[in-house]
Engineer: 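Attaching a single structure in structure tokens format; questions to follow.
Each chain gets a letter, A, B and so on, in the order its sequence line appears, and its residues count up from 1. As a basis for the values below, the full set of heavy atoms in this structure was taken, side chains included, without hydrogen atoms, waters or symmetry mates.
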Amino acid sequence: MMNFKQLFSQALQAGISDVQVFLSGSKEMNIESYEGKLDRYEISDVSGLSIKGIYHGKLANYYTENLNQPIAEIISNLIENAKVIDSTDEPIIYAGDKEYAKADQLYNPKLDQVDVSDKIEKVKTLDNTLKNKDPRVMTVQALYAEGSRSVTLENTKGLKLSSKANAADLFAEVIVKNDVDQRNQFDLIHSSDPADLEIEPFATNLVQNTLRSLGAKPIATGEYAIVFNPTAFSLLVSAFQGIFHADNVQKNLSLLKGKLGEKIGSDQISIVDDPLLRHSMRSRPFDDEGVATTYKELVKNGMLNTYLYNLVSAKKDNVSSTGNGFGGSTSALNLVVKAGNRTPEQLMIDVDNGLYITELQGTHAGCDSISGDFSLQASGFVIKNGELAEPVALITVAGNFLGLMKDVVEVANDTKLTYVGVMSPSVRVRPQKVSGL
Amino acid sequence: MLLEKKLLETLIATGMATGADFAEIFCENKTAHNFQMIGGLVEKASASKIQGVGIRLAQGFESVYGFSNHLDPDSLIELAGNLAKSFTGEIHAPKPLGECEKGSHHLIKISPLSVSQADKVALMKRAHTAAKNYDPLIQQVTVSLGDSVQEVLIATSEGRYVTETRGRVRMYINAIAGKDGMMQTGGEGPGSGKGYEYFLEDIHIEDYAISAAKVAKTMLLADECPGGVMPVVIDNRFGGVIFHEACGHSLEATSVAKNASVFSGKLGERIASPIVTAIDDGTIENGWGSANFDDEGYPQQRRVLIDKGILTSYMIDFLNARRMKQQPTGSSRRESYKYAPTSRMSNTYIDKGESTLAEIIANTPYGLYAKKMGGGSVNPGSGDFNFAVSEGYMIRDGKIAEAVRGASLVGNGSEILHKIDMVADNLDRDRGMCGSVSGSIPADVGQPALRVSSITVGGKKGGAK
């Protein structure tokens, strides 16, 4: 294993003014079944070392998976790369903050205490349970995925930080079929506590929801009040999260430019970035630049409070980094849409003719992050006289993300950490354009 | 630093100690460089070293995979032992490893490791200058350059023991033309499975830069494409992307073996018009998708997938060969040691026919000429696809007429094969990155110009002629 002190001193001797190392270690386990049999068992343990150095004012990057790589080789690579860079962005290696949050709670040793054979058994049991729920269940896929990540950051300004986190997913997808139709759905439980990974009622809900969607059809084109379920709303928030990044604002690529301190949504909507969210493997007390991460209310009761900054974009706006410098750019850690008080059923009570959207597709191509416009294939259920009615598919929901934020009527109390890494409750919005028949 | 033979034999023996009937060790050591240039200025320069080992064990159809970059013998033996715990049963003895066979094709003349960063950047600046100076309408040019040298070593319990060094170089040139607040882009991505001799000796990078700029300008000045069902002439090179995405993936054992493909169980049957012959050839010298060996250690091959319309071969990896009771076709590939390998395409193309492009155009009274194709998507379940045309022209009275933009082709992978009614002789290939279960790998697509008798063209300008 490389001696960082030695790397730092040799780099400084070679004329590199500042150096930072970022060591990341990931361990993962994936157990997957297909048609009741163990289909994939994969284990891994990989460490990678990212090194950045400033040479004559230019920042160069080097990444290696050889932790015993000769130091001279790393230094010559950094210098050669720095020499060809023309960018005038002023690079910064950070000396550190006064305080960093304690984050021991992000690693739950209980996950390691469960034997591998029990984890395999869990997948097989989930597979069988789903398959035996109903004769219309045709195909089942069950997956247990577990990961842990530890990171260490050290630099020549004397900063030295480390943290680790772990989490597991219990995931399932079912395909159901009757005489006229075939539908599939997936769901997952995400947690760092093995006790949360309960097969019931997870399996029952998944099979029931998928069966209910059999026979789904388009509805008439028009404007419908919509309740998005947590996954659907999370997908939208995730697709448009770039509008909060200060570097996008500075490059004129964000529709939130010039809107700081202004109302961008209804009173009902609040979105925070929670860097220490429990059960999220992304959670960290510091970012990739060594800045302490902070709990931020990006949008509070509709008001835009802050953008997300890394060191370089913060310097341009003459503010402090918000601790969102990740992967050489900007990113939120865990976006959370704050929950309300009532259940999703209560949110629907006064909807006469609306839609409950459970799935959105094509966020990659159907969302224009610059204009905020989206047009997405959707499926879900009709809401009739305050209750869920027939299933709906092959419709398109179109709108604008900022318009949607203003149209939020109420948020429910069923917050869920979804597979896109955003936590959200069900959200009811005023009527939106829906294309169908 | 690839592993010694003695350690490889120990790992294979450890993996098979509990009942596995197959063990495979994949070692990789890869050095890569990446540069990004915007407006002629280098914004980013980085280098990386990827190094690790993947161990795969199988018993019948069941397999387990583990990977790590902790390469000390104790850690690797522990990994093999942990994987072995998945199996119990009769113990199989591995075949001993003989001499390590070294790949002798696809050699690198000017290694990416021997060219200075300054010389690489100079190449990028040449591309930038040529594209920028093409026309005053070209407002911005971005250029990126990537190269890599990957050493692999594969040893299996069946006695396969091979090694090779794979070189890759590629540049992406994107030109943006703008006028009155409107912008259109044109791109080229020349690259090869060799070293910098490709850029320094084989090609003139300016030709590609100018081509990218020309597309951007042409599309900026073009009218919106009319929509409707019409004959479409898809030209060579990246036109092959439709076959790759909408048909090729369905011929990979990954989907065929699980009966998830529309082509499952159709060997010997007619699946395309009689003028269509399709080939997947991993042996093309220094091809973008070529190699001496596949990532299971089998020699790469030339596979005739469709012969005059008849389905003649799938692309099959070792494990799916067991499931399908057929022979592996040397088709197993993976991005890196972080992926278990599976059946993938290499350099895939529709073979040349007997017409000429001029004849095809002259025989088409009305239709769309898709000179260059862009990206798209395919629904793997149904084979329905949607691809953007990045450079298109209308065909009127057997002649290429006005340029049109915003066209897309909407169809079905298995249907389009029957609708190909003319195939030209101008076969040429182009490069792509193909993403699938075993990661993102370099793959060539290709075809000669061909005509699809009728296909839905999506466009914004009504349906009128």
Engineer: Is a donor from one side chain sitting under 3.5 angstrom from an acceptor on the other, for A:Glu32 and A:Tyr34?
Structural biologist: no
Engineer: Please identify, among A:Ser47, A:Ala60, A:Ala82, the residue contributing the most non-hydrogen atom pairs under 4.5 Å to chain B.
Structural biologist: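 Of the candidates given, the most pairs with chain B belong to A:Ser47.
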Engineer: Under 3.5 Å, is there a donor-acceptor pair between the A:Ser313 and A:Asn310 side chains?
Structural biologist: yes
Engineer: So which of A:Thr64, A:Asn30, A:Ile43 has the largest heavy-atom pair count under 4.5 angstrom toward chain B?
Structural biologist: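 Winner by heavy-atom pair count: A:Ile43.
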Engineer: For the interface with chain B, which of A:Gly328, A:Ser26, A:Ser44 has the highest count of heavy-atom pairs at distances below 4.5 Å?
Structural biologist: A:Ser44
Engineer: Around atom NZ of B:Lys258, are there more than 12 heavy atoms of other residues, nucleotides or ligands at under 6.0 Å?
Structural biologist: yes
Engineer: Select, from A:Lys52, A:Lys58, A:Glu42, the one with the greatest count of heavy-atom pairs under 4.5 Å involving chain B.
Structural biologist: A:Glu42
Engineer: Verify the distance criterion only: is there a donor paired with an acceptor across the side chains of A:Asn81 and B:Gln117 at less than 3.5 Å?
Structural biologist: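 A donor-acceptor contact under 3.5 Å links the two side chains.
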Engineer: Name the option with the most non-hydrogen atom pairs under 4.5 Å to chain B; the candidates are A:Asn77, A:Leu67, A:Asp39, A:Asn66.
Structural biologist: A:Asn66
Engineer: Is B:Lys30 in contact with chain A via its backbone, its side chain, both, or neither, using a 4.5 Å heavy-atom distance?
Structural biologist: neither
Engineer: With a 3.5 Å cut-off and no angle check, do the side chains of B:Asp147 and B:Tyr196 form a donor-acceptor pair?
Structural biologist: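 The answer is yes; a qualifying pair exists.
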Engineer: Heavy-atom distances under 4.5 Å only: say whether B:Phe61 touches chain A with side chain, backbone, both or neither.
Structural biologist: neither
Engineer: If you measure only the distance, is there a donor-acceptor pair under 3.5 Å linking the side chains of B:Asn82 and B:Lys85?
Structural biologist: yes
Engineer: I'd like to verify something: which residue of B:Lys44, B:Met37, B:Lys338 has the highest number of heavy-atom pairs under 4.5 Å with chain A?
Structural biologist: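 Between B:Lys44, B:Met37, B:Lys338, the count favours B:Lys338.
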Engineer: Could you tell me whether the side chains of A:Ser117 and A:Asp115 share a donor-acceptor contact shorter than 3.5 Å?
Structural biologist: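 Note: A:Ser117 and A:Asp115 side chains meet the donor-acceptor criterion.
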Engineer: Write down the atom of A:Gln141, the atom of A:Ser33, and the distance for their closest heavy-atom approach.
Structural biologist: CG-O, 3.6 Å
Engineer: Examine whether an atom of B:Glu43 lies under 4.5 Å from a heavy atom of chain A, and if so say whether it belongs to the side chain, the backbone or both; otherwise answer neither.
Structural biologist: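 For B:Glu43, the contact with chain A is made by backbone and side chain together.
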Engineer: Between B:Ala47, B:Ser48, B:Ala340, which has the largest tally of heavy atom pairs under 4.5 Å with chain A?
Structural biologist: B:Ala47
Engineer: Non-hydrogen atoms of chain B under 4.5 Å away: do they reach the side chain of A:Gln69, the backbone, both or neither?
Structural biologist: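 Contact with chain B: side chain only.
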Engineer: Please state whether the side chain, the backbone, both or neither of A:Glu73 comes within less than 4.5 Å of a heavy atom of chain B.
Structural biologist: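 Answer is side chain: those atoms of A:Glu73 sit under 4.5 Å from chain B.
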